[in-house]
A.B. asks: 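One structure coming up, written as structure tokens, with questions to follow.
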Amino acid sequence: QVQLVESGGGLVQAGGSLRLSCAASGLIFRLNSMAWYRQAPGKQRELVALITGGFTTTYADSVKGRFTISRDNYKNSVYLHMNSLKPEDTAVYYCAVDRKDYWGQGTQVTVSS
């Protein structure tokens with residue numbers, strides 16, 4: 001079965017950086033678009049960034065220029081590099097396979113002001 005395991009969340013001060021990782025198994029990774037979503041308390045889950053199998057990327061307006069999504073098809077992994085973090089980036093971040101109902105367990109990112 002498909003498994004997505006995230007890591008790399010934590011507590012960071014505003015202006016700091018974090019890198020999230022997601023290791024995937026049980027699918028032909030290189031053929032799938034992968035995405036990072038986030039959900040803040042009391043808010044709906046939102047798409048943060050997406051990367052296709054052809055390495056085309058898409059970002060939410062709120063993170064453009066600060067976050068970078070990347071993938072390593074040899075390691076079956078997708079990453080989210082987050083720079084210039086803001087308190088409003090605080091959320092649980094989820095890795096997902098695009099257009100398929102496969103989700104990781106989520107990793108908490110907390111940005112203090």
A.B. asks: Establish whether Leu18 and Met34 are linked, either directly or via other cluster members, by ILVMFWY side-chain heavy-atom contacts under 4.5 Å.
C.D. replies: yes
A.B. asks: By side chain to side chain donor-acceptor pair (under 3.5 Å), which residues pair with Asn73, not counting sequence neighbours?
C.D. replies: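 Arg71.
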A.B. asks: So, the side chain of Gln39 versus the backbone of Ala91: is there a donor-acceptor pair under 3.5 Å, distance only?
C.D. replies: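 No, Gln39 side chain to Ala91 backbone: no donor-acceptor pair under 3.5 Å.
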A.B. asks: Going hydrophobic residue to hydrophobic residue with side-chain gaps under 4.5 angstrom, can you get from Trp103 over to Val97?
C.D. replies: no
A.B. asks: Given side chains that start at C-beta, do those of Gln105 and Glu6 come closer than 4.5 Å, heavy atoms only?
C.D. replies: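 Touching, per the 4.5 Å side-chain cut-off.
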A.B. asks: By ring-ring contact (aromatic ring centres under 6.0 Å, His included), which residues pair with Phe29, not counting sequence neighbours?
C.D. replies: none
A.B. asks: Would a 4.5 Å heavy-atom cut-off, applied to side chains only, mark Leu80 and Met82 as touching?
C.D. replies: yes
A.B. asks: Could you tell me the separation between the CD1 atom of Ile69 and the OG1 atom of Thr57, rounded to the nearest 0.5 Å?
C.D. replies: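 Output value for this atom pair is 8.0 Å.
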A.B. asks: If you take all heavy atoms of Ala14 and Ser113, which pair is closest and at what distance?
C.D. replies: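 The answer is CB-CA, 4.3 Å.
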A.B. asks: For residues 41-50, tabulate all N or O donor-acceptor pairs below 3.5 Å that involve a side-chain atom, not counting sequence neighbours.
C.D. replies:
residue : atom : partner : partner atom : Å
Glu46   : OE2  : Arg38   : NE           : 2.6
Glu46   : OE2  : Arg38   : NH2          : 3.2

A.B. asks: When the ring planes of Phe67 and Tyr93 are compared, do they come out parallel, tilted or perpendicular, using 30° and 60° as the limits?
C.D. replies: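 Rings of Phe67 and Tyr93: tilted, 30 to 60°.
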A.B. asks: Partners of Leu31 by side-chain contact (heavy atoms from CB on, under 4.5 Å), sequence neighbours excluded?
C.D. replies: Ile28
A.B. asks: Is there a side-chain contact (heavy atoms from CB on, under 4.5 Å) between Leu20 and Val109 once you walk through the steps?
C.D. replies: CA-CA 9 Å; Leu20 305 183; Val109 171; 4.0 Å; yes
A.B. asks: What residues form a side-chain contact (heavy atoms from CB on, under 4.5 Å) with Gln3, not counting sequence neighbours?
C.D. replies: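 Result, side-chain contact (heavy atoms from CB on, under 4.5 Å) vs Gln3: Gln1, Ser25.
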A.B. asks: Mind checking side chain to side chain donor-acceptor pair (under 3.5 Å) for Gln108 and listing every partner two or more places apart, or none if nothing turns up?
C.D. replies: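 Checked Gln108 against side chain to side chain donor-acceptor pair (under 3.5 Å); matches are Thr110.
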A.B. asks: Identify the residue among Leu85, Val12, Val111 that makes a side chain to side chain contact (heavy atoms under 4.5 Å, CB included) with Thr90.
C.D. replies: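 Exactly one candidate clears the test, Val111.
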A.B. asks: Taking the six-membered ring where the residue is Trp, are the ring centres of Tyr79 and Trp36 under 6.0 Å apart?
C.D. replies: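 When the ring centroids of Tyr79 and Trp36 are compared, they turn out to be at least 6.0 Å apart.
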A.B. asks: When you measure from the side chain of Ser77 to the backbone of Lys75, do you find a donor-acceptor pair of N or O atoms at a distance under 3.5 Å?
C.D. replies: yes
A.B. asks: List the steps, then state whether side-chain contact (heavy atoms from CB on, under 4.5 Å) holds for Thr107 with Val92.
C.D. replies: CA-CA 5 Å; Thr107 185; Val92 178; 6.0 Å; no
A.B. asks: Residues in side-chain contact (heavy atoms from CB on, under 4.5 Å) with Lys64, at least two apart?
C.D. replies: Tyr59, Asp61
A.B. asks: Using the test side chain to side chain donor-acceptor pair (under 3.5 Å), find all partners of Thr52 that sit at least two apart in sequence or belong to another chain.
C.D. replies: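 Partners of Thr52 under the side chain to side chain donor-acceptor pair (under 3.5 Å) test: none.
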A.B. asks: Show every salt bridge (charged side-chain N to carboxylate O under 4.0 Å, His left out) that has at least one partner inside residues 98-113, sequence neighbours left out.
C.D. replies: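 Checked against salt bridge (charged side-chain N to carboxylate O under 4.0 Å, His left out) - neighbours excluded - no pair reaches residues 98-113.
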A.B. asks: I'd like to know if Tyr74 and Ile51 are part of one continuous hydrophobic network [Ile/Leu/Val/Met/Phe/Trp/Tyr, side-chain heavy atoms within less than 4.5 Å].
C.D. replies: no
A.B. asks: Holding to side-chain contact (heavy atoms from CB on, under 4.5 Å), I want the full list of residues that pass it with Arg66, two or more places apart in sequence or in another chain.
C.D. replies: Val63, Ser84, Lys86, Asp89
A.B. asks: Which atom names give the shortest non-hydrogen contact between Val78 and Ser70, and what distance separates them?
C.D. replies: CG2-O, 3.2 Å
A.B. asks: Evaluate the side-chain hydrogen bond (donor to acceptor under 3.5 Å, both in side chains) criterion for residues Ser17 and Asn83: first the C-alpha distance (whole Å), next the side-chain angles of each, then the deciding distance (0.1 Å), finally the verdict.
C.D. replies: CA-CA 4 Å; Ser17 300; Asn83 297 319; 2.9 Å; yes
A.B. asks: Under the disulfide (SG to SG under 2.5 Å) rule, what pairs show up with a residue in residues 10-59, not counting sequence neighbours?
C.D. replies: Cys22-Cys95
A.B. asks: Tell me, please, which residues at least two apart from Thr68 pass side chain to side chain donor-acceptor pair (under 3.5 Å).
C.D. replies: none
